[in-house]
Amino acid sequence: MNIEQQINALRNELREHNYNYYVLDNPTISDFDFDKKLEQLQQLELAHPQFFDPNSPTQRVGGEVTKNFKTVRHEFRMYSLDNSYSKEELAEWENRVRKIVDGQLEYTCELKYDGASISLTYENGKLVQALTRGDGFQGDDVTANVKTIKSVPLQLKGDYPSKFEIRGEIVLPFEGFEKMNRERLELGEEAYRNPRNTASGSLKLQDSAEVAKRPLECLLYSLKGNNLDVRTQFESLVKAREWGFKVPPEAMLCKDMDAVLEYVNYWDTARHDLPYETDGVVIKVNDLQQQEELGYTAKAPRWAIAYKFKAETALTTLHKITYQVGRTGAITPVANLEPVELAGTIVKRASLHNADQIEKLDIREGDRVFVEKGGEIIPKIIGVELSSRLSGSKPTEYITHCPECGTTLERKVGEAQHYCPNDKGCPPQIIGRIQHFISRKAMDVEGLGGETVALLVNNGLISNYADLYTLEMSQILPLERMAEKSAENLIRGIEESKKIPFDRVLFALGIRYVGETVAKKLAKHFKTLDALMEATIEDLTHVDEIGERIAESVVEFFNSEDNRDIVSKLRSHGVQLEISAELLAGQTEKLAGNTFVVSGVFTSVTRDDLKKLIERNGGKVSGSISGKTGFVVAGENMGPSKRTKAESLGIPIISEDDFMQMIS
Ligand code: AMP
Ligand code: ZN
């Protein structure tokens with residue numbers, strides 16, 4: 001096998017594994033072996049960029065950044081759907097249909113997936129474009145982002161038409177949604193409200209590498225095109241499945257309206273066991289010829305209708321409203337309920353969001369309340385049964401003081417949440433901040449866990465994260481359950497954390513809105529904590545992707561004398577407050593604006609180091625030669641086709657020595 005055949009064989013094999021894993025949910029290879037093969041392919045592609053393919057399985061990780069999404073006209077308009085809410089309305093719809101078409105009627109029933117609609121265009125089996133619905137006439141081109149979704153095939157299989165569109169829904173399964181929220185809460189960020197908004201928000205992220213990290217799925221249900229050689233909706237689903245698309249298995253062909261109603265009844269409860277949110281059934285006239293006869297109204301097809309499920313609600317008693325204080329001081333009101341079954345689970349608590357929500361619904365302790373489980377993971381209270389309100393009940397007075405430390409709460413204009421401003425003295429805030437500081441993605445202090453932090457704080461041994469660095473064996477040994485060995489580990493873990501690089505230290509500080517990614521960006525831009533501390537809001541918002549909100553929060557953090565004091569203690573203990581000297585030393589802008597392609601074997605440096613050198617000096621590295629390439633750095637055994645391509649485009653080919661001259 002020559003290299004090209006080898007690359008193609010690997011790509012095909014990986015595609016098949018992707019398909020088994022993400023479309024069929026039935027992997028036939030271990031993750032480890034998959035990763036090894038993917039790495040092998042990456043290396044081959046890197047060494048032989050002439051075989052670059054934008055639809056290779058290696059391109060799933062994203063990386064392309066879109067500043068403004070291009071607006072593109074839909075070749076076939078993306079209609080909305082008419083809704084119905086009762087069996088009667090469904091019967092009326094069928095009557096309307098019967099007036100227009102003659103003959104036997106069959107229906108394809110599908111679930112209505114709650115996500116963001118998408119239209120994918122394939123040409124010669126390759127994904128060429130992905131558009132959002134937009135206003136139905138034109139949508140945004142989100143191709144780079146959609147390519148990172150593993151269940152979207154980049155290359156089709158079987159006997160597919162040369163050109164067509166396929167439509168469906170990008171959804172975020174509950175499991176992934178909850179995981180994302182856990183991570184956000186850890187960062188002191190607000191949780192996402194529901195999977196649907198998060199899915200559509202994800203499609204509009206500028207950085208496709210960020211999208212690649214989100215566990216999105218793409219479910220497809222409709223083909224559009226000319227001369228597709230399919231006769232019915234159901235047949236089109238079967239075909240799309242054969243071509244490699246993830247077509248939900250819940251779709252069913254129904255012979256008549258009775259069968260449709262049975263389907264609706266069944267899924268009304270069974271849908272709660274599905275991994276993603278559904279909010280109804282879509283009933284489609286099966287025969288495409290009949291669909292054509294029926295046509296469209298101004299906004300929706302006449303040949304389809306959505307039946308909307310009622311969101312499940314339960315009626316129960318609200319015993320007490322309690323208030324939680326988060327790491328950032330944010331107060332969350334929680335409804336403690338008489339346990340009640342809802343959508344298959346026992347619910348004891350519901351979120352009340354904030355003071356406005358309580359006031360708007362006039363929710364009071366002792367009330368009988370309606371609890372709903374919709375797209376939100378935590379159930380919410382949607383109303384009060386006023387008729388059963390106890391006489392003498394009084395409106396809820398939102399707390400004015402922190403339940404943990406008694407400080408008067410604050411609320412910023414335009415913000416929904418109340419905050420406890422006593423960040424220095426409020427126990428859950430103090431403990432929460434230190435817990436964040438030592439967490440795995442921050443300072444990763446081995447030998448120290450969240451409970452021990454609480455113990456240390458409650459025993460008065462520490463009151464901020466800088467205090468960790470002054471802890472001594474003699475102080476911690478007397479603590480409950482603290483053996484000599486674990487005390488040693490703890491002290492060693494803290495000592496080791498002094499080697500953690502600056503960007504993670506910055507994340508560990510727990511500045512509101514400064515998550516891992518933002519911390520990296522700030523560290524890279526400002527290079528030292530001193531520079532960051534001096535930055536104004538203007539300086540900050542000039543950094544790529546740093547907005548007002550983050551900028552204000554950073555400035556506010558360093559305006560606090562206490563924070564500056566803690567930072568200077570960290571400094572005196574030897575925590576990394578600037579990017580490492582080697583990195584700093586190497587940084588220049590000598591190659592700014594130039595893109596390099598590296599090819600062949602080098603003598604004085606490895607390929608990887610050569611690439612690092614390019615980047616450190618402000619240049620860009622690309623895998624393949626194009627009109628945008630500035631220079632090709634050629635080592636020994638540079639591929640002949642690369643040379644030809646560079647020559648034909650008139651791109652200078654330079655040697656390793658020439659390159660070293662450029663940066664010296
Ligand atoms: P609406 O936005 O309420 O007008 O409903 C129309 C939308 O339902 C479409 O744009 C699709 O995004 C979505 N939808 C979800 N599941 C289906 C399905 N099985 N068939 C058609 N549309 C669906
Ligand atoms: Zn407090």
Side-chain angles (χ1 to χ4, degrees), residues 74 76-85 107-120 130-137 139 165-171 195-197 199-200 203 217-224 233-234 236-237 240 245-252 260 263-264 267 271 274 276-286 291 296-301 303-309 323-332 375 399-410 417-433 457:
H74 290 296
F76 305 91
R77 181 174 158 193
M78 287 181 87
Y79 284 91
S80 164
L81 282 171
D82 284 334
N83 286 326
S84 62
Y85 299 89
Y107 305 95
T108 294
C109 286
E110 296 161 23
L111 291 180
K112 189 164 190 288
Y113 302 94
D114 212 5
S117 20
I118 195 81
S119 182
L120 310 175
L131 298 180
T132 63
R133 180 161 82 166
D135 63 1
F137 295 99
E165 275 179 35
I166 187 161
R167 288 175 179 175
E169 207 79 3
I170 309 256
V171 297
R196 187 199 41 216
N197 292 352
S200 55
L203 284 185
E217 278 195 32
C218 183
L219 307 173
L220 295 148
Y221 45 69
S222 159
L223 282 186
K224 293 274 168 229
Q233 166 66 11
F234 199 74
S236 68
L237 298 181
F245 291 106
K246 184 155 192 162
V247 174
E250 294 88 30
M252 196 170 111
V260 169
Y263 183 93
V264 167
W267 283 108
R271 70 195 177 104
L274 292 174
Y276 22 69
E277 177 75 358
T278 53
D279 63 350
V281 168
V282 184
I283 301 128
K284 301 174 180 172
V285 169
N286 192 41
Q291 284 192 5
Y296 297 82
T297 65
K299 70 174 252 290
W303 46 263
I305 191 155
Y307 173 88
K308 290 288 206 95
F309 295 127
Y323 300 85
Q324 283 175 351
V325 187
R327 156 168 79 83
T328 57
I331 307 289
T332 313
I399 50 168
T400 51
H401 292 78
C402 176
E404 302 276 349
C405 73
T407 307
T408 307
L409 298 181
E410 284 177 3
Q417 229 71 17
H418 283 72
Y419 282 90
C420 166
N422 181 18
D423 50 354
K424 214 168 57 154
C426 184
Q429 295 188 56
I430 296 173
I431 294 171
R433 271 197 308 271
V457 173

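Whatever order the structure lists them in is the order used to number ligands and atoms, beginning at 1. Only heavy atoms go into these numbers, but all of them, side chains included; no hydrogens, no water, no symmetry mates.
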| said: Starting from atom 1 (P) of ligand 1, what is the nearest protein heavy atom, named by residue and atom, and what distance separates them? | reply: S80 OG, 3.8 Å
| said: Is any side-chain heavy atom of L111 closer than 4.5 Å to one of L219? | reply: no
| said: Can you name the atoms of ligand 1, numbered from 1 with element, that are less than 4.0 Å from a heavy atom of S117? | reply: 10 (O), 12 (O)
| Which protein heavy atom lies closest to atom 16 (N) of ligand 1, and at what distance to 0.1 Å? | Y113 N, 3.1 Å
| Check: D114 and Y276 side chains under 4.5 Å, non-hydrogen atoms | no
| task | Please determine if R196 and E277 form a salt bridge, counting it only when a charged side-chain N lies under 4.0 Å from a carboxylate O. | result | no
| field | Name of the residue among E169, E217, E250 meeting side chain to side chain donor-acceptor pair (under 3.5 Å) with Y113 | value | E250
| query | Any N or O of L81 that comes nearer than 3.5 Å to an N or O of ligand 1? | reply | yes
| said: I need the protein N, O or S atoms closer than 2.8 Å to the Zn ion (ligand 2), given as residue plus atom name. | reply: C402 SG, C405 SG, C420 SG, C426 SG
| note | When distances are taken from atom 5 (O) of ligand 1, the protein heavy atom at minimum range is K112 NZ, 3.3 Å
| note | SG of C405 to NZ of K424, rounded to nearest 0.5 Å, is 12.5 Å
| note | In terms of heavy-atom contacts, T132 and M78 come closest through O-SD, 4.2 Å
| request: May I ask whether T278 places a heavy atom under 4.0 Å from ligand 1? | output: no
| request: Can you sort out the partners of Y107 under ring-ring contact (aromatic ring centres under 6.0 Å, His included), two or more places apart, ordered by chain and number? | output: W93
| Can you check side chain to side chain contact (heavy atoms under 4.5 Å, CB included) on C426 and V325, steps first, answer last? | CA-CA 9 Å; C426 184; V325 187; 4.2 Å; yes
| remark: Looking only at protein heavy atoms, what sits closest to atom 10 (O) of ligand 1 is R133 NH1, 2.9 Å
| said: Please list the nearest protein heavy atom to atom 12 (O) of ligand 1 with its residue and the distance rounded to 0.1 Å. | reply: E169 OE1, 2.6 Å
| Check: E110/Q233 side-chain N/O donor and acceptor closer than 3.5 Å | yes
| query | Is L111 in polar range of ligand 1, meaning some N or O pair under 3.5 Å apart? | reply | yes
| So which protein heavy atom does atom 20 (N) of ligand 1 come closest to, and at what separation? | K284 NZ, 2.9 Å
| remark: Checking V285, L237, I283 against T108 for side chain to side chain contact (heavy atoms under 4.5 Å, CB included), the one that qualifies is L237
| query | Considering residues, nucleotides and ligands other than K299, do more than 12 of their heavy atoms fall under 6.0 Å from its NZ? | reply | yes
| field | Atom indices of ligand 1, in the order listed, that fall short of 4.0 Å to a heavy atom of E110 | value | 18 (C), 19 (N), 20 (N)
| field | Contact (N/O only, under 3.5 Å) between Y221 and ligand 1 | value | yes
| request: Could you tell me whether the side chains of Q429 and Y419 share a donor-acceptor contact shorter than 3.5 Å? | output: no
| message | With the threshold set at under 4.0 angstrom, would you say M78 reaches ligand 1 through any of its heavy atoms? | response | no
